[in-house]
Amino acid sequence: MGTVPREALAKKRERAIEIANRMNAHYGMAECALHWWKDPFKLTIAVSLSAQTTDKSVNEVTPTLWKHYPNAYELAAARLSDVERILKSIGLYRNKSKNCIACAQMIVSDFNGEVPHTMDELTKLPGVGRKTANIVLNEAFGIVEGIAVDTHVFRIAHKLQLARSDAPLKTEQELLKLYPQSYWKPINHQWVLFGRETCIARHPRCSECFLSDLCPSAHVE
DNA sequence: ATCCCGAGGG
DNA sequence: CCCTCTGGAT
């Protein structure tokens with residue numbers, strides 16, 4: 001579709017950088033809201049469980065999950081009904097139970113019990129897509145090769161008119177083209193915090209927002 | 001495009 | 001009742 005005129009693109013990029021600078025000023029280097037982020041296995045499972053679910057809900061079930069299954073070998077041997085009982089309170093629990101066991105089994109059988117370090121390998125794990133893989137690469141291995149686009153990043157990118165596509169994967173590509181790589185790492189956590197406390201999905205607090213003068217969607221009352 | 005699917009808020 | 005929550009597989 002439309003090739004954006006060069007000058008308009010420069011303007012857009014300039015606005016995007018200013019947005020990132022203000023996010024940095026406001027949130028600094030935000031940390032992962034999920035617990036267990038230092039253990040690659042627990043991080044991988046916890047992030048995959050967080051699909052369409054609040055991190056608060058995930059943090060309520062993971063202590064029980066780790067108590068029974070502290071590593072890939074234990075979870076790989078788990079009974080489905082036992083895991084379903086533990087995950088019952090989070091959404092999509094049947095898929096997540098089946099996937100996290102299968103994920104652990106693949107880590108054991110194909111990767112010697114270690115969470116793999118590449119995008120291709122990570123996204124082969126059941127229940128692990130690009131979003132989860134980006135988080136794991138970023139937090140567990142210090143590898144930044146993409147931006148994790150979740151519901152918050154997707155919504156905010158559109159509200160700020162930094163992206164137009166209808167799919168998270170395309171949104172990621174738009175953001176990757178818009179920002180230099182040095183800007184990629186903090187985007188996910190900062191935008192998630194911003195999405196939870198200011199650019200709330202149902203009731204965005206535009207009048208209190210530190211980005212409202214840069215936001216085409218801002219409504220001032 | 002559709003399904004999965006509990007908890008919390010309005 | 002409705003919508004949303006750090007998505008992924010078919």
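Fair warning: this is a prediction, and the values are worked out from it, not measured in the lab. Chain identifiers are assigned alphabetically (A, B, ...) following the order of the sequence lines, protein sequences preceding nucleic acid strands; residue numbering begins at 1 within each chain.
Put simply, A:T132 has a side-chain N or O that comes within less than 4.0 Å of OP1 or OP2 on C:dG8.
Here B:dC3 presents its P atom at 15 Å from CZ of A:R94, a figure rounded to the nearest Å. For the pair A:H203 NE2 and B:dG8 C1', the computed distance is 13 Å after rounding to whole Å. As a whole-Å value, the separation of A:Q52 CD from B:dT2 P is 16 Å. In this structure, A:E172 places its CD atom 11 Å from P of C:dG8, rounding to the nearest Å. In this structure, A:N95 atom CG and C:dT10 atom P are separated by 9 Å, rounded to whole Å. When rounded to the nearest whole Å, the span between CG of A:L175 and C1' of C:dT6 equals 15 Å. Per the geometry, NZ belonging to A:K56 stands 8 Å off P belonging to B:dG9, to the nearest Å. Summarising the geometry, the separation between CG on A:L92 and C1' on C:dG8 is reported as 9 Å, rounded to the nearest angstrom.
Position along DNA chain B of the nearest nucleotide to A:D166 versus A:Y93 favours A:D166 as the more 5'-ward residue. Mapping A:K124 and A:T53 onto DNA chain C by nearest heavy atom places A:T53 closer to the 5' end of the strand.
Within the 4.0 angstrom heavy-atom criterion, no nucleotide atom of any strand lies near A:I147. Within the 4.0 angstrom heavy-atom criterion, only backbone atoms of the sugar-phosphate kind lie near A:P126; the bases stay farther away. Within the 4.0 angstrom heavy-atom criterion, only backbone atoms of the sugar-phosphate kind lie near A:K88; the bases stay farther away. Residue A:V128 is classed as a sugar-phosphate contact, given heavy-atom separations below 4.0 Å to backbone atoms only.
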Output side-chain donor-acceptor pairs under 3.5 Å for residues 122-131 of chain A, partner residues at least two apart or in another chain, one line each.
residue: A:T123; atom: OG1; partner: A:M119; partner atom: O; Å: 2.8
residue: A:T123; atom: OG1; partner: A:D120; partner atom: O; Å: 3.3
residue: A:R130; atom: NE; partner: A:E172; partner atom: OE1; Å: 2.7
residue: A:R130; atom: NH2; partner: A:E172; partner atom: OE2; Å: 2.8

Validation: residues 72-82 of chain A side-chain donor-acceptor distances under 3.5 Å, sequence neighbours left out:
residue: A:Y73; atom: OH; partner: A:N112; partner atom: O; Å: 3.4
residue: A:R79; atom: NE; partner: A:D82; partner atom: OD2; Å: 3.4
residue: A:R79; atom: NH2; partner: A:D82; partner atom: OD2; Å: 3.1
residue: A:D82; atom: OD1; partner: A:R85; partner atom: NH1; Å: 3.2

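In this model, no donor atom of one side chain and acceptor atom of the other lie less than 3.5 Å apart for A:N188 and A:N134. No hydrogens or angles considered: a donor-acceptor pair under 3.5 Å links the side chains of A:S165 and A:T171. Counting only N and O atoms by type, the side chains of A:H152 and A:Q190 include no donor and acceptor under 3.5 Å apart.
You'll find that the side chain of A:A201 is closest to C:dC5, out of B:dG6, C:dC5, B:dC5. Side chain of A:R202, nearest nucleotide from C:dG8, C:dT6, B:dG9: B:dG9.
The gap from the P atom of B:dG10 to that of C:dT6 amounts to 15 Å, rounded to the nearest Å. Going from the C1' atom of C:dT4 to that of B:dC5 covers 13 Å, rounded to whole Å.
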